[in-house]
Protein chains: 2
Amino acid sequence: MELSSSLEDYLEAIYNVIKVKTAARATDIAKKLDVANSSVTNALQILVNRGLVNHAPYDIITLTPEGSKIAKQIAWKHEVFRDFFTTVLAIDSDTANKCACSIEHVIPDEVIERFVQYLDFERQCKYGGKRWVEGFGFMRKAGTNENDPCEVCAEKKEQDARSEK
Amino acid sequence: MELSSSLEDYLEAIYNVIKVKTAARATDIAKKLDVANSSVTNALQILVNRGLVNHAPYDIITLTPEGSKIAKQIAWKHEVFRDFFTTVLAIDSDTANKCACSIEHVIPDEVIERFVQYLDFERQCKYGGKRWVEGFGFMRKAGTNENDPCEVCAEKKEQDARSEK
DNA sequence: GCAGTAAATTAGACTTGGCTAAAGATATTA
DNA sequence: TAATATCTTTAGCCAAGTCTAATTTACTGC
């Protein structure tokens with residue numbers, strides 16, 4: 001019961017529209033994905049057949065519990081990568097979104113879960129995490145190299161010096 | 001002059017075979033990508049037309065300079081992600097490879113370059129990087145939480161205590 | 001309650017990328 | 001060198017996913 005990238009995109013788009021509007025119309029989805037209305041109709045038929053979407057011809061579009069669950073998972077993957085790209089890598093928001101929108105379809109649950117653990121570790125550990133990421137931002141902007149330590153390194157160096165005394 | 005994921009896969013497969021054998025045959029590529037021989041023939045015609053591959057019917061397959069350049073870039077993206085997944089996230093090698101093989105086609109140069117900078121920062125900075133990643137490995141295995149600090153945290157805590165005196 | 005407009009669907013075509021089966025080319029080996 | 005085995009290509013098919021154009025349905029204002 002694998003979904004193609006394309007069908008996942010439709011599901012996610014429906015999910016995102018519903019978050020704002022309680023129910024989606026085909027045109028909303030078409031605009032969001034920049035495809036023809038007829039392509040949406042096509043996709044809807046498949047998604048209804050698979051039990052992921054509720055939709056009678058000419059009627060509004062909602063998600064079944066199963067469809068909602070899958071859509072939520074896809075949207076979550078999107079967010080994780082978008083945030084990593086913009087916050088940590090300082091990629092512009094448009095590129096970050098597009099890239100997240102591709103990766104979300106190909107990253108297995110197992111891998112993104114581990115990735116999130118990794119990011120959490122970096123962010124939560126108050127003895128380095130957040131400052132570590134900030135240190136990267138510093139290095140990136142300043143174009144520093146090993147001989148020109150970032151804030152985190154500099155601080156650590158100082159401490160080392162102090163404790164040697 | 002965009003290449004589809006599929007064509008990129010063929011290019012990369014040719015590149016990888018050539019690295020070992022100096023020239024590739026259609027069957028090598030078919031086996032590597034697990035497709036029918038005729039699919040390889042098909043793809044080769046397109047790649048020859050695009051000036052990325054040298055190939056006359058029934059003859060061996062090589063890459064043009066342009067094809068080689070592109071293939072190398074794709075293979076590099078593959079490596080970066082495979083290594084990150086196996087080394088940092090401790091994903092099993094098979095999953096890591098498959099996942100890298102999907103992402104390599106959708107990650108823009110701009111994004112992976114920044115990602116590599118980030119990884120280099122983490123690894124090179126002798127005041128934290130390598131141990132930081134090790135710290136994550138520790139946490140992952142031990143299933144520790146915030147109250148149960150990793151090696152890096154523990155060490156830093158000690159230093160803080162010392163310098164408070 | 002009806003006419004006009006906007007939205008949704010259907011029909012039919014096209015592209016990409018895969019397949020199988022058969023035919024043609026090349027290599028091997030007796 | 002002739003027979004056989006192995007590649008490679010060709011031909012024709014299929015499925016997914018898109019499009020445009022034409023048709024059908026639903027809504028809205030008078």
Side-chain angles (χ1 to χ4, degrees), chain A residues 1-14 17-18 20-63 67 70-71 74 98 101-102 104-106, chain B residues 1-14 17-18 20-63 67 70-71 74 98 101-102 104-106:
Chain A
M1 180 81 168
E2 281 282 288
L3 284 173
S4 65
S5 296
S6 168
L7 290 177
E8 286 192 354
D9 273 335
Y10 284 106
L11 217 51
E12 189 190 13
I14 295 168
V17 169
I18 287 177
V20 179
K21 289 186 55 180
T22 71
R25 313 242 44 159
T27 304
D28 301 324
I29 314 303
K31 273 189 196 131
K32 201 147 210 160
L33 296 181
D34 193 30
V35 296
N37 279 350
S38 58
S39 304
V40 176
T41 305
N42 231 336
L44 285 177
Q45 289 170 350
I46 298 166
L47 292 171
V48 168
N49 280 339
R50 298 217 190 173
L52 304 176
V53 163
N54 304 119
H55 176 239
Y58 299 99
D59 206 349
I60 56 167
I61 303 158
T62 58
L63 293 169
I70 296 175
I74 299 165
K98 276 187 202 143
C101 195
S102 305
E104 70 192 20
H105 305 301
V106 300
Chain B
M1 181 81 171
E2 283 281 288
L3 284 173
S4 65
S5 296
S6 167
L7 290 177
E8 286 192 354
D9 272 336
Y10 283 107
L11 217 51
E12 188 189 13
I14 296 168
V17 169
I18 287 178
V20 179
K21 289 186 57 180
T22 72
R25 313 241 45 157
T27 303
D28 300 324
I29 313 302
K31 274 190 195 128
K32 203 148 210 159
L33 296 180
D34 194 29
V35 295
N37 280 349
S38 58
S39 304
V40 177
T41 305
N42 233 336
L44 285 177
Q45 289 170 348
I46 298 166
L47 292 171
V48 168
N49 280 340
R50 299 219 189 172
L52 304 177
V53 162
N54 305 118
H55 176 238
Y58 298 101
D59 206 349
I60 57 168
I61 302 159
T62 58
L63 293 169
I70 296 174
I74 300 164
K98 275 186 203 145
C101 196
S102 305
E104 70 193 19
H105 305 301
V106 301

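So that the names make sense, note that chain A is the first sequence line, chain B the second, and so on, each numbered from 1.
- For the pair B/Thr27 and D/dT8, the criterion of a side-chain N or O lying under 4.0 Å from OP1 or OP2 is met.
- One atom, CD1 of A/Ile60, and another, P of C/dA7, lie 16 Å apart when rounded to the nearest Å.
- Between B/Gln45 and B/Asn42, some side-chain heavy-atom pair lies under the 4.5 Å cut-off.
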What protein N or O atoms touch nucleotides 22-26 of chain D N or O atoms at under 3.5 angstrom, if any, and at what distances?
unit_1: D/dT24; atom_1: O2; unit_2: A/Tyr58; atom_2: OH; d: 3.4

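- For A/Tyr10 and D/dT18, the shortest distance from a side-chain N or O to OP1 or OP2 is below 4.0 Å.
- Two residues are said to be in side-chain contact when any heavy atoms from C-beta on lie closer than 4.5 Å; A/Leu63 and A/Val53 meet this criterion.
- Counting only heavy atoms from C-beta outward, the side chains of A/Glu8 and A/Ile70 never approach each other to under 4.5 Å.
- Listed by residue number, the members of residues 35-47 of chain B with any heavy atom below 4.0 angstrom from DNA chain C are B/Val35, B/Ala36, B/Ser38, B/Ser39.
- Separating the CG atom in A/Asp34 from the OG atom in A/Ser39 is a distance of 10.5 Å, to the nearest 0.5 Å.
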Mind running side chain to side chain contact (heavy atoms under 4.5 Å, CB included) on A/Ile60 and A/Arg25 for me, showing each step along the way?
CA-CA 5 Å; A/Ile60 56 167; A/Arg25 313 242 44 159; 4.1 Å; yes

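- Taking atom CG on B/Leu11 and atom P on C/dG17, their separation rounds to 13 Å, with Å as the unit.
- For A/Ser4, a side-chain nitrogen or oxygen approaches OP1 or OP2 of D/dG17 to under 4.0 Å.
- Across the protein-nucleic acid pair, B/His55 atom NE2 and D/dC7 atom P stand 15 Å apart, rounded to whole Å.
- Phosphate proximity of D/dT8 to B/Arg25: present, with a side-chain N or O under 4.0 Å from OP1 or OP2.
- Atom CD in B/Glu2 sits about 13 Å away from atom P in C/dG17, given to the nearest Å.
- Proximity of B/Asp9 to B/Cys101: side-chain heavy atoms (C-beta onward) are separated by under 4.5 Å at one or more points.
- Inter-residue side-chain proximity for B/Ile46 and B/Tyr10 is flagged as unmet; no heavy-atom pair is nearer than 4.5 Å.
- With B/Leu52 as the fixed residue, the side-chain contact (heavy atoms from CB on, under 4.5 Å) test singles out one of B/Leu3, B/Ile14, B/Leu44: B/Leu3.
- When side chains are defined from C-beta on, A/His105 does not count as touching B/Val106, because their heavy atoms never get closer than 4.5 Å.
- Atom P of nucleotide D/dT6 and atom CG of B/Asp28 are separated by 16 Å, given to the nearest angstrom.
- What separates CD1 of A/Ile29 from P of D/dG17 is a distance of 17 Å, to the nearest Å.
- Taking atom CG of residue B/Asp9 and atom P of nucleotide C/dG17, one finds them 11 Å apart after rounding to whole Å.
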